[in-house]
Amino acid sequence: MSPQFQQARWSEPLLSEIGTPGERGYVPTAPEAEIAAHAPDPLAAIPPAFRRATAPALPQVAQPQLLRHFYRLSQETLGNDVAVDFGLGTCTMKYSPKVNEHLVRMPEVQDLHPAQHEDTVQGILEVLWRLEQMLCAISGLDRFTLQPPSGSAAVYTNASIIRAYHASRGEGEQRDEIVSSVFSHPCDQSGPWSAGFKVVELYPGPNGYPELDALKAALSNRTAGIVITNPEDTGIYNPHIAEFTRLVHEAGGLCVYDQANANGILGIARAREAGFDLCHFNMHKTFSSPHNGMGPAMGASGVKEELARFLPAPVVERRGDRFELDWNRPESIGKIRSFVGNAQIAVRSYAWILALGPDGIREVAETAVLNANYLATRLREVPGMSQPFPTSNTPIEQFRWSLEALREETGVGSADVSRNLADYGYQPVFGSHHPFIVPEPLTPEASESFSKEDIDGWADAMIDIAKRAQTDADDVLEGPYRNACRRIDAAALDDPERWVPSSRAERTKGAVRGD
Amino acid sequence: MIGLVVNPVAGLGGAVGLKGTDGMVDEALARGAVPRAGERAALAVRALPADVPLATAAGAMGADAVRAAGREPELVVAGGATDTTADDTRRAVAALADAGCELILFAGGDGTARDVCAVIGDRVPALGVPAGVKIQSAAFAESPRRAGELAGAWLTGRRRERPAEVVDLDEDAVPAGRVGPSLYGALRVPLGPGLVASAKSPSHDEDPAAVSGIAARMAERIGDGTAILGPGTTVAAVGRELGLDTTLVGVDLVRAGALVLRDAAERDLLEALDDDGAMIVVTPIGGQGFVLGRGNQQISPAVLGRAGIGRLTVVATPAKLAVLGARPLIVDTGDDATDAELRGWHRLVTGYDEETIYRVE
């Protein structure tokens with residue numbers, strides 16, 4: 001096989017570089033005099049300090065040119081609707097049923113405003129309440145909040161609940177350490193850290209998951225809890241997880257299960273039976289809502305009944321036939337985000353779960369595990385690729401591989417192979433979260449959405465790239481060739497001094513910009 | 001202007017089954033080794049921007065490689081033939097630095113890096129083109145091509161650098177048993193994410209934020225107490241955080257906020273330690289994970305006993321730990337009882353509010 005794919009390549013300028021001054025997509029008519037006379041000045045509500053002195057330099061483009069611009073850009077991407085995406089392993093890229101997009105575009109959902117009185121939003125409150133009941137059944141825990149807008153925010157929520165729990169028992173000062181593992185999602189360390197904890201990390205033992213003795217060495221009367229992913233990033237399930245949670249409880253800590261990606265155990269194993277007190281799901285991963293590109297997502301945080309009093313306000317309560325927002329929560333950790341959760345994501349997830357039912361949910365996990373393992377049998381044909389931990393220890397829904405041998409033989413590493421996948425019409429594949437304990441890592445995840453043909457095609461491309469590396473390494477090192485863009489200099493992306501993520505950073509880094 | 005120096009004998013040993021080329025050139029050539037360092041240097045030169053002026057040493061020490069890459073050097077300093085020595089490398093590097101080169105590219109292995117470091121230290125930025133048998137030092141790019149790309153990006157960009165440890169196997173110091181690396185200094189290498197190899201972990205730079213977090217935490221812990229500071233850039237940062245002029249490759253003793261011993265020998269340490277003992281701060285050097293017994297033998301079993309063996313604190317950035325690929329850290333102090341006492345789970349300081357449970361064997 002050889003690369004067959006050819007992507008569109010447009011010389012498309014930035015939006016601000018097209019159009020002409022005064023050009024408009026739509027010119028609204030001025031309000032009639034009587035309305036203008038009675039309408040308040042819309043700027044009056046904005047404090048003077050926040051008003052701009054000069055108008056922003058917004059693009060000035062008519063509709064046909066604008067449409068063309070975005071269509072061209074869309075042809076220069078490789079989205080999940082265009083290309084097979086096993087790429088973002090650990091992120092569970094799956095098909096998001098289009099029928100659910102129709103649901104969220106219904107006026108009953110689309111025209112809702114979060115500030116509406118609860119009498120007028122009984123429908124969406126019922127969806128939120130029912131979704132919570134479903135997540136309780138799936139996890140075995142007792143209450144959920146849908147407020148956190150991301151998985152990381154959910155981990156932060158759970159860490160904050162741990163803090164509130166120990167404070168309520170007078171141990172808040174003493175219990176200042178959270179244990180995590182280095183193969184857990186990075187937010188399992190950064191979330192607790194942001195919530196004010198010190199983080200104690202466990203490294204994998206010879207089987208790819210942390211050893212019990214390492215956990216014992218980490219635990220003390222300073223332990224507030226453990227925040228851990230299982231299966232970890234390697235896809236390997238820790239068979240001693242019940243023992244882990246027992247030991248943490250004995251030390252006086254709480255146990256948090258990061259189930260951002262629950263695709264390997266959905267409907268098969270639950271957080272409660274493994275001894276966990278809290279967990280979270282990324283509704284934009286396992287439950288099929290699109291990831292929304294760092295935009296509005298949903299990390300649903302769940303707790304056992306005795307921790308429910310710490311959940312962020314409001315929670316949705318059912319009283320008879322009526323659904324209410326309960327704000328009266330004196331022990332709550334406070335707000336993680338405004339309002340009660342992203343309604344569109346709740347609707348999509350609710351519809352997805354309803355469509356599948358309990359048996360279908362389990363079949364999702366079974367198919368995902370089967371797909372991942374079939375992909376693994378194919379990837380064992382890739383020259384220079386190996387599994388970093390004992391192969392008897394079968395990973396579940398994703399696999400971490402190493403291309404170290406290929407790199408040593410040819411100089412072609414995992415980042416090079418990943419880039420070249422684009423020449424075959426596939427998205428680049430995820431390497432690893434940091435730090436790279438597995439050298440030259442690759443972490444594909446073939447979720448339940450992909451067919452045998454999809455998997456074979458992808459595996460064939462990987463095999464082809466590795467073989468090309470063995471015969472002509474330079475050809476691979478220079479690739480890809482058939483895409484909208486070949487290589488970008490990523491150095492600036494990784495340079496913290498170039499990034500201005502907040503207004504405070506802008507004040508301290510302003511001088512850096514533009515040089 | 002970029003300076004290029006090639007160690008023409010680098011890598012000769014590897015192809016014919018020797019562990020290095022030091023003192024083995026004739027043996028390697030006799031076994032049929034073909035010099036490749038020039039070829040690898042040429043790959044790096046090809047990846048440089050075409051308009052960058054180049055200075056190099058004559059013949060096989062650089063000029064041949066520059067011309068093989070289709071370029072003509074602006075300046076050629078004295079060089080040598082294929083059978084060069086460390087002195088030739090040092091003289092060429094000194095001449096290139098004196099000629100005003102802004103960055104020195106050197107093609108070779110750990111031994112070459114040692115020679116370059118001995119001459120320019122951190123005065124002039126430098127970057128290694130991997131061509132040797134042993135590449136443990138963090139001063140090398142992950143491939144010749146990436147060395148050229150990184151040098152070019154540095155030259156046309158914002159010219160930021162970071163210290164990169166130069167380590168080499170210290171075979172004389174350990175006549176028997178497992179050979180481990182010693183630290184010989186630090187070169188200033190271009191800061192370019194994903195390009196410079198941190199020993200065996202190619203995608204990792206040393207993380208400056210982690211280093212400063214570790215330094216701040218350890219400075220707090222040491223406070224007014226007594227501490228023995230071992231070699232390494234991470235431990236050196238602890239000394240800086242304390243406001244003390246500690247060494248990079250030596251062992252120092254600090255007490256009550258003052259530097260009591262600089263580059264101390266074992267006997268100095270034993271004399272200076274009193275009944276209160278001392279915290280001992282060490283970091284793994286090189287890719288094998290040695291924390292005691294290689295390159296810091298001054299911290300001997302006797303010193304450990306005097307200081308209090310339970311007060312050993314291992315510090316390491318997560319990136320450096322990742323190099324080990326989850327293999328344990330190693331102690332080999334030469335005393336079985338001491339080693340036995342040190343084996344087991346340690347709490348490593350890996351950031352300001354970050355610790356890692358890690359096995360020491």
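Side chains included, hydrogens not; waters and symmetry mates left out as well; all remaining heavy atoms used. Here the structure is a predicted model, which means the values were calculated and not measured. Letters go in sequence order (proteins before strands), and every chain restarts at 1.
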Answer key: most heavy-atom pairs under 4.5 Å with chain A among Arg145(B), His346(B), Arg359(B) is Arg145(B)
Filtered by a 4.5 Å non-hydrogen cutoff, the part of residues 210-227 of chain A contacting chain B is Glu211(A), Asp213(A), Ala214(A), Ala217(A), Ala218(A)
Applying side chain to side chain donor-acceptor pair (under 3.5 Å) to Arg221(B) and not counting sequence neighbours gives Glu355(B)
So for atom CD, which belongs to Glu173(A), do other residues, nucleotides or ligands contribute more than 12 heavy atoms lying within a distance under 6.0 Å? no
Whatever's closer than 4.5 Å to a heavy atom in chain B on Leu477(A) counts as side chain
From the list Val179(A), Asp416(A), Leu202(A), Val182(A), the residue making the most non-hydrogen contacts under 4.5 Å with chain B is Asp416(A)
Ranked by heavy-atom pairs below 4.5 Å to chain A, first place among Gly351(B), Ala209(B), Ala326(B), Gly344(B) goes to Ala326(B)
Side chain to side chain donor-acceptor pair (under 3.5 Å) filter on Arg486(A), not counting sequence neighbours, yields none
Per side-chain contact (heavy atoms from CB on, under 4.5 Å), Tyr203(A) is matched among Leu348(B), Ile357(B), Leu324(B), Leu321(B) by Leu321(B)
Is the number of heavy atoms from other residues, nucleotides or ligands under 6.0 Å of Arg36(B) CZ greater than 12? no
Taking a cut-off of under 4.5 angstrom between non-hydrogen atoms, the residues of residues 185-200 of chain A near chain B are Trp193(A), Phe197(A), Lys198(A), Val199(A), Val200(A)
CG of Asp353(B) to CG of Asp176(A), rounded to nearest 0.5 Å, is 8.5 Å
